[in-house]
Structure formats: structure tokens, C-alpha cells
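The analysis underlying the following values was restricted to heavy atoms, covering all of them including side chains, and did not include hydrogens, waters or symmetry mates. Keep in mind the model is a prediction, meaning the values are calculated, not measured.
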Amino acid sequence: MTAEERARARDVLDLQEGRGPVAVLDDTGVADVLRAARRIAVVGCSSRPDRPSFTVFRYLVHQGYECVPVNPRERSVLGIPAFRTLGEAVDATGPFDIVDVFRRSELCLEHAREAVAVGARCLWLQLGVVNWEAAAVAAEAGLLVAMDRCTAIDHRALVRG
């Protein structure tokens, strides 16, 4: 096991055991955020139906959320225009309640900084994505943080019941 793999495993275990340096949302907090949210930026959203980001995006749109894809490689997802950056998406469409990130853990710090810069309410790192530095940047700026959670799964379980 490489040093990078050990560090990633340690980060995931810290999250699962509640030992991380940043408070993250529990089930009640997640449900509250999802109930209050109306606009969600989906960073790393793909137009490919076989990608988890597409499936989650489609689910959230069908649940009534106003979702905007953020991915420099996409033109649109489900007919909704995509933006290269979170800043461009905010400039064109307005602020977001949740920034839902489908990127590798090591790439999330940049997105946390963007979420802070655009005034999002919550930084949400999807299943398998844990980055304590990104979480700290968001939390220090007053954003709520969810990590290693899926917006669609949590919506189904905690909001729809």
C-alpha cells in the first residue's frame, strides 16, 4: 500500500469514526439541508448516462431541484446548459445552496474554495470522496459540509422516506 493509499484510508476511517478535524453533517443535518435547498451545482456532472453524476443529476432534477452542471467538457446535461466553472454558473444563473462535487478527493480543495467564493451554503462531497482540507476551507467560511454521501440516496432515505 502506498503512502497516498494509507492517507486516503486514514481519512475515510476518521470520517466514519467521527474523528475528523471538521464537523460534518449527520443524517438530521443532511435532511435539513436537502429540504431547504432549491439550487444545486453539480460539479463534474457528465452527460453520459452510465456515470453516477448523470444519474444523480437526473434524479435531483426530477425531484424538483434546480440543478446546473459544472464541467468544462460538457455543453449541456439533460438539455440544461453546462458551465466551465462554478463562478461562471453563478454569474449566469445565480447562487447555489449546495455545491455537489463528483471529483476525486485530491481535486476537491479547488472546488471548496470556489464554493466559498460564490457564497454557497453547503459543500457536498459525493460517495467515496473525502478531503479534510477542503472540508476545513468550507467550514471555516461558514459552509455546512457533507462528505462521502450521495445527495440522491440521502434524499430518498431522509427526505422522501
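When the side chains of ILVMFWY residues are joined at heavy-atom separations under 4.5 Å, either directly or via intervening members, L86 and V129 end up in a single hydrophobic cluster. Connection of V145 to V43 is established within a shared hydrophobic cluster, with ILVMFWY side chains joined at heavy-atom distances below 4.5 Å, either directly or through further cluster members. Note on V101: it does not cluster hydrophobically with L127, by side-chain heavy-atom contacts below 4.5 Å among ILVMFWY residues. When hydrophobic clusters are built by joining Ile, Leu, Val, Met, Phe, Trp and Tyr residues whose side-chain heavy atoms come closer than 4.5 Å, directly or via intermediates, L34 is grouped together with V56. F102 and V12 fall into different hydrophobic clusters, where Ile, Leu, Val, Met, Phe, Trp and Tyr are joined by side-chain heavy atoms under 4.5 Å apart, directly or via other members.
Side-chain contact between I40 and V42 is present, with heavy atoms from C-beta onward closer than 4.5 Å. For the pair C122 and L143, the minimum side-chain heavy-atom distance is 4.5 Å or more.
Judged as a side chain to side chain donor-acceptor pair (under 3.5 Å), and not counting sequence neighbours, S76 has no contacts. R113 pairs by the side chain to side chain donor-acceptor pair (under 3.5 Å) definition with nothing, not counting sequence neighbours. For S53, there are no side chain to side chain donor-acceptor pair (under 3.5 Å) partners, not counting sequence neighbours. Scanning for side chain to side chain donor-acceptor pair (under 3.5 Å) contacts around R160 gives Y59, with sequence neighbours left out. Residues passing the ring pair (Phe, Tyr, Trp, His ring centres under 6.0 Å) test with F54, sequence neighbours excluded: none.
Nearest heavy atom pair, residue C67 against residue I80, reads O-CG2, 3.6 Å. Residues A89 and V70 approach most closely at CB-CG2, 4.1 Å, considering heavy atoms. The shortest non-hydrogen separation linking D148 to G128 is OD1-N, 2.5 Å. The two residues N131 and S105 come nearest to each other via the heavy atoms ND2-O, 2.7 Å.
Among pairs with a residue in residues 121-147, none fulfils salt bridge (Lys or Arg N to Asp or Glu O under 4.0 Å), at least two apart in sequence or across chains. Sorted by first and then second residue, the ring pair (Phe, Tyr, Trp, His ring centres under 6.0 Å) pairs with a member in residues 1-32 form an empty list; sequence neighbours excluded. Pairs passing the salt bridge (Lys or Arg N to Asp or Glu O under 4.0 Å) check and including a residue from residues 82-100, sequence neighbours excluded, do not occur. Residues in residues 110-149 take part in no ring pair (Phe, Tyr, Trp, His ring centres under 6.0 Å) pair, two or more places apart or across chains. Counting only residues at least two apart or in different chains, salt bridge (Lys or Arg N to Asp or Glu O under 4.0 Å) contacts with residues 51-78 comprise R39-E66. Listed by first then second residue, pairs satisfying ring pair (Phe, Tyr, Trp, His ring centres under 6.0 Å) with a partner in residues 64-94 read Y65-H155, not counting sequence neighbours.
In this structure, CD1 on I98 lies 10.0 Å from CZ on R38, to the nearest 0.5 angstrom. Rounding to the nearest 0.5 Å gives a distance of 10.0 Å between CG of L123 and CG of L144. From T2, atom OG1 reaches atom CZ of R8 across 11.5 Å, with rounding to the nearest 0.5 Å. The NE2 atom of H62 lies 6.5 Å from the CG atom of L78; values are rounded to the nearest 0.5 Å. Separation of atoms CE (M147) and CD (Q126) is listed at 13.0 Å; rounding is to 0.5 Å. Put simply, CZ on F57 and OG on S46 are 11.0 Å apart, with the number rounded to the nearest 0.5 Å.
Within a 6.0 Å sphere centred on CZ of R156, heavy atoms belonging to other residues, nucleotides or ligands number more than 12. No more than 12 heavy-atom neighbours from other residues, nucleotides or ligands sit within 6.0 angstrom of CD on E4.
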Going by atom type alone, with no hydrogens or angles, which donor-acceptor pairs under 3.5 Å involve a side-chain atom of residues 21-32 and a protein atom two or more places apart or on another chain?
from	atom 1	to	atom 2	distance (Å)
D26	OD1	T28	N	3.2
D26	OD1	G29	N	2.8
D27	OD1	R149	NH1	3.3
D27	OD1	R149	NH2	2.6

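Counting only distance, with no hydrogens or angles, the side chain of N71 and the backbone of C45 share a donor-acceptor pair below 3.5 Å.
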